[in-house]
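Following: one structure in C-alpha cells, then a few remarks.
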There are 2 protein chains.
Amino acid sequence: MSDAVDAIIGQWVKERPDVAQDLWPVQLFARVQRLARVVEKSAKAAAAAHGVEYGEFDVLTTLQRSGPPYALTAGALLKASMVTSGAITNRIDRMEAKNLVERVRDGEDRRTIKIRLTDHGHDVTRAAFTDHLANYARLLADMDRDLITKTGDGLRQLLEALGDTGIE
Amino acid sequence: MSDAVDAIIGQWVKERPDVAQDLWPVQLFARVQRLARVVEKSAKAAAAAHGVEYGEFDVLTTLQRSGPPYALTAGALLKASMVTSGAITNRIDRMEAKNLVERVRDGEDRRTIKIRLTDHGHDVTRAAFTDHLANYARLLADMDRDLITKTGDGLRQLLEALGDTGIE
DNA sequence: TGCTTTTATCTCAACGTTGAGATTATCAAG
DNA sequence: CTTGATAATCTCAACGTTGAGATAAAAGCA
C-alpha cells in the first residue's frame, strides 16, 4: 500500500540521491501536513454550516471548554489559538458584531479585557461542536480504533518533545 | 505524561459530559493540527532564510522533484499544492518576478502553460530544501526512530482511507 | 462548417492573518 | 510622587488565499 507521500519520497530519492538518507522525517511531517489540510477543510465546512469561520469556532470552543464563567482574557485566547494578536482582535470584533461574545472590562486590571460567551454564543457553540464531532467520527468511520489510539499516542510523544505541553 | 491535547480533552469531559464518548477522534486530529502548525511555522522560517514564502517553496520543490525537464502545467501545480487556482496564479506571478520560474507556452495545447524552474530557481531550491531537511531533523533530534516510523505508518493508513493516494 | 461543451488559466474583490508599532495601564524603584 | 520598565490590547498597511466569474482554446458533434 502506498499514499501520496510515498510517491513524493520516491521522486526525491531519484532526483536528490545525495539527501536520500535525510528524508526520514518527511514520511512523518509530510503526512501530518497533508492530514491537517484534509481535516481542516472538512472542519471549516462543518463550522460554516453554523455561520462561523473556523477561527471563530476555535475561539468559541476555547471559551466553552474553559468552563464557567465562560470568559477569558484576549491574551489567554491568543496563547490558546496559535495565531497573532491582530488576528485575535479581528476575530473578537467580528464575533462581537454577531453577538457571539462580548467584551467585559476586568475590574482588577484595566488593561485586560475578558471575552465572554453570550447566551447565543453558547447555543451556537454547543450545536457546532456536536456537528464537529460527528464530522470527525465520519472521517474515521472505517478506521481501526486501536490504530487511531496508537497513532495519537505517537503524536503526543512528539508534541511533548517539542514542548507543546500546556494550554495555560 | 500529558500534552496540551490531554488538557483540552479533560476540559471537554468536564464541560460536555454528554459528548464524552464522542471525543476519541479529538486525541488524534487535535494533535495532527497542533503538530502541523508547529512544524509549518518552523518550515516557514527555513524558507524565509532563502527569500521565499512557504507557498513558493512548495512550488519550487514540486517542480524539482518532478525531475527533468523541471516543468509542470499550472493545473498540475494546482493539484499538487492543495490550494485554489488564484493562489497558484499569484505564486507563479511572484516567482516569475523573482526569476525563480518562467512561463512557457505549450506547443501542443495553447490553453496550457508550463511553469519551468530557471537555473536560479534550481539553485535556490537545492539550497532551501537541504536546509529544510536539516530543520526537520533538528525537530526530531531527540526522538526514537522506531516511534517516528510507526507513527508515520499510522498516518499513512489514515491518508489512504481518506483517499489521499496520488500526486498525479 | 458551425455550435455547444469542456478544459486551462487568469482576474479581482472580499476576506483573514501577520507583525511592527501605538496606546493605555500597571508595576517597581528611588 | 515620579520616572522607567513592563504588560495587555488595539491599529493598520502589507500580504496571501479564496472562489466565483471571465477569457480563450480545444474537443465533440451534428
Side-chain angles (χ1 to χ4, degrees), chain A residues 33 36-38 40-45 47-48 51-60 62-63 71-98 100-116 168, chain B residues 33 36-38 40-45 47-48 51-60 62-63 71-98 100-116 168:
Chain A
Q33 185 181 34
R37 292 213 189 167
V38 170
E40 180 160 335
K41 191 172 178 181
S42 184
K44 272 182 184 167
V52 292
E53 295 295 320
Y54 191 50
E56 298 171 11
F57 175 73
D58 182 45
V59 171
L60 289 175
T62 301
L63 288 171
L72 294 172
T73 64
L77 287 173
L78 180 54
K79 282 177 197 157
S81 68
M82 299 175 114
V83 294
T84 55
S85 64
I88 285 295
T89 300
N90 286 342
R91 283 182 188 178
I92 296 169
D93 286 349
R94 291 195 303 271
M95 295 171 75
E96 208 169 21
K98 287 183 189 174
L100 294 168
V101 300
E102 55 191 352
R103 282 183 165 90
V104 185
R105 288 232 89 88
D106 193 338
E108 300 268 312
D109 183 341
R110 287 213 321 243
R111 289 172 305 179
T112 69
I113 60 161
K114 295 241 180 183
I115 318 302
R116 186 167 59 195
E168 330 244 330
Chain B
Q33 184 180 36
R37 292 213 188 169
V38 170
E40 180 160 335
K41 191 172 180 183
S42 184
K44 272 182 184 167
V52 293
E53 295 294 322
Y54 191 50
E56 298 173 10
F57 176 72
D58 182 45
V59 171
L60 288 174
T62 301
L63 288 171
L72 293 172
T73 64
L77 287 173
L78 180 55
K79 282 177 197 157
S81 68
M82 302 174 113
V83 294
T84 55
S85 64
I88 284 295
T89 299
N90 287 341
R91 284 182 187 178
I92 296 169
D93 286 349
R94 291 195 303 271
M95 295 171 76
E96 208 169 20
K98 288 183 189 174
L100 293 168
V101 300
E102 53 191 352
R103 281 182 166 91
V104 185
R105 288 234 90 87
D106 194 338
E108 300 266 314
D109 185 340
R110 288 215 320 243
R111 287 171 306 177
T112 68
I113 61 161
K114 295 241 180 181
I115 317 301
R116 186 168 60 195
E168 326 243 331

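Here is the naming used below: chain letters follow the sequence lines, and residue numbers restart at 1 for every chain. Here the structure is a predicted model, which means the values were calculated and not measured.
- Between A:Val101 and A:Arg116 the shortest side-chain heavy-atom distance does not fall below 4.5 Å.
- Shown here for B:Leu63 and B:Leu72, the closest heavy-atom pair between the two residues is CD2-N, 3.7 Å.
- By the 4.0 Å N-to-carboxylate-O rule, B:Lys114 lies too far from B:Asp109 to be salt-bridged with it.
- Under the rule for a side-chain contact (heavy atoms from CB on, under 4.5 Å), B:Lys41 has no partner lying at least two apart in sequence or in another chain.
- Here A:Glu56 pairs with A:Arg94, A:Lys98 under the side-chain hydrogen bond (donor to acceptor under 3.5 Å, both in side chains) rule; sequence neighbours left out.
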Nucleotide by nucleotide, nucleotides 5-17 of chain D touches protein heavy atoms under 4.0 Å in the pattern (B base, S sugar-phosphate only, - none) --BSSBB----SB

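- Rounded to an integer number of Å, the gap from B:Tyr54 OH to C:dT18 P is 15 Å.
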